[in-house]
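The block underneath contains the structure these notes are about, expressed in structure tokens.
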Amino acid sequence: MTTAQHELTTDADLEWCYDAVHGVSRTFSITIDRLEEPMSKHICLGYLLCRIADTIEDAGHIPPAEQTELLTEYDRLLDPETDQSVEAFMANVEPWLPEPADRSNDWNVVAETPRVLQTFESLNEEPREIMREPVRELVDGMAMFTDRYADEGGLRLQTLEELEEYCWYAAGTVGTLITGLVARGASKDRAEEMRDNARSFALLLQLVNIAKDVESDYHEENNVYLPAEWLAEEDVDLDAVTDEENHNGVTNVVERVTGRAETYLDDAQRYLEVVPEQHGNRLSAWAIPYLLAVGTMRELRERPEDVVEEGDVKVPRAEVYALLQQFEEDMSRSRLDELRATMAEQPLHQ
Ligand SMILES: CC(C)=CCC/C(C)=C/CC/C(C)=C/COP(=O)(O)OP(=O)(O)O
């Protein structure tokens with residue numbers, strides 16, 4: 001293959017990767033659209049690498065021992081010191097891929113793992129090496145959790161501490177990845193401030209997702225992330241989180257998880273106050289998910305019972321548009337406080 005042909009292939013692959021992110025994540029679609037190059041492609045590839053592991057971890061149809069094995073092999077693919085082949089990994093994934101006609105966007109990404117890896121390897125060495133370790137930590141953490149709950153057939157987190165340990169692997173590692181990329185060249189103080197607050201930012205987003213997705217996490221993935229110790233205080237059996245008789249108890253636990261998420265807001269905002277706009281990074285790419293979490297927490301506070309009764313609590317679509325609109329023009333960081341206060345009280349479009 002000539003160099004020109006190679007670059008052409010890589011361009012098409014990168015386009016495919018952008019489309020793939022838009023097909024699997026609402027949050028990261030918004031983020032990636034706000035970023036500029038090269039940050040945009042770095043976050044796109046870093047995210048897809050994480051998403052492949054997440055899809056395997058969430059797969060209710062794969063026995064836990066097999067999930068752990070696939071995740072361990074996937075981790076080896078990302079280790080430049082080993083010679084795990086992508087073909088061997090794909091041969092083991094193949095039996096678990098849904099038929100093409102029934103394949104979700106998530107499984108299409110898993111089916112295209114070689115393409116994602118190849119596009120990742122085409123990136124410059126510096127960002128690649130910044131991303132490799134956090135992605136591997138996420139993958140190892142997921143393998144550890146599928147292994148820990150192998151006998152239960154799905155995750156059944158026991159305590160708040162364990163929930164936050166899980167959030168570290170699922171999202172905290174992503175915060176490390178992002179911080180590594182955006183903090184390059186920043187002053188020592190600024191970089192330290194970001195590192196100190198990245199975990200809180202990630203836990204905020206992940207806990208809000210866990211509070212609002214109880215129903216689909218259980219029905220679609222056979223996972224219960226709400227701490228068993230909190231459910232026990234409400235006399236709720238782990239395998240009955242979505243049963244009607246437990247709606248009140250689960251609603252109380254959803255409120256407690258939301259309360260815990262709120263404790264991370266100030267740190268996350270501090271992160272946004274110092275994050276530099278360099279290497280194509282943009283404040284709005286991270287401020288929008290932060291503010292959407294504020295809006296989602298407001299909805300969770302107002303109607304926590306809808307998490308189990310309707311299976312759906314989210315920010316109204318018109319509010320999402322109103323928020324995006326706010327960032328169409330340059331927005332000063334000092335307005336973050338005001339937007340947070342407004343969205344904590346009422347939808348932005350009202
Ligand atoms: C320092 C810093 C910026 C930290 C934040 C790290 C971060 C963005 C973690 C991901 C958190 C998360 C729950 C994403 C949800 O989107 P999803 O991809 O699961 O899908 P969805 O958008 O469709 O819910």
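These numbers come from a predicted model, not from an experiment. In listed order, ligands and their atoms are each counted from 1.
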Those atoms of ligand 1 less than 4.0 Å from some heavy atom in Arg51: 17 (P), 18 (O), 19 (O), 20 (O)
Basic-acidic side-chain contact under 4.0 Å: Lys314, Glu299: no
Numbered atoms and elements of ligand 1 in range of Tyr47, under 4.0 angstrom, heavy atoms: 17 (P), 18 (O)
Ring centroid separation Phe145 to Tyr166 under 6.0 Å: yes
Ligand 1 atoms in contact with Asn209 (distance to a heavy atom under 4.0 Å): 13 (C), 15 (C), 24 (O)
Any N or O of Gln206 closer than 3.5 Å to N or O of ligand 1: no
Protein heavy-atom partner closest to atom 11 (C) of ligand 1 - residue, atom, separation in Å: Leu205 CB, 3.9 Å
Protein heavy-atom partner closest to atom 2 (C) of ligand 1 - residue, atom, separation in Å: Phe201 CG, 3.8 Å
Distance-only polar pair, side chains of Tyr218 and Asp239, donor-acceptor under 3.5 Å: yes
Under 3.5 Å: N/O of Ser25 near N/O of ligand 1: yes
Region of Thr27 engaging ligand 1 - heavy atom pairs below 4.0 Å: both
Note: Arg132-Glu129 ion pair, threshold 4.0 Å (strictly below): yes
Geometric class of the Tyr47/Phe28 ring pair [parallel <30°, tilted 30-60°, perpendicular >60°]: parallel
Polar contact flag, side-chain donor to acceptor under 3.5 angstrom, Asp102-Trp107: no
Pick from Ala293, Pro289, Gly175: the one approaching atom 4 (C) of ligand 1 most closely through a non-hydrogen atom: Gly175
Subset of ligand 1 atoms that lie under 4.0 Å from at least one heavy atom of Tyr271: 1 (C)
Per-residue contact class, Met194 against ligand 1 - non-hydrogen pairs under 4.0 Å: neither
Closest to atom 23 (O) of ligand 1 among Arg26, Arg199, Arg195 (heavy-atom distance): Arg26
Ligand 1 N/O within reach of Lys212 N/O, cut-off under 3.5 Å: no
Charged N-O contact under 4.0 Å between Glu345 and Arg298: no
Short side-chain donor-acceptor distance under 3.5 Å, Ser284 and Arg34: yes
Distance from atom 8 (C) of ligand 1 to nearest protein heavy atom, with residue and atom: Phe28 CZ, 3.5 Å
Side-chain donor-acceptor contact under 3.5 Å, Gln269 with Asp337: yes
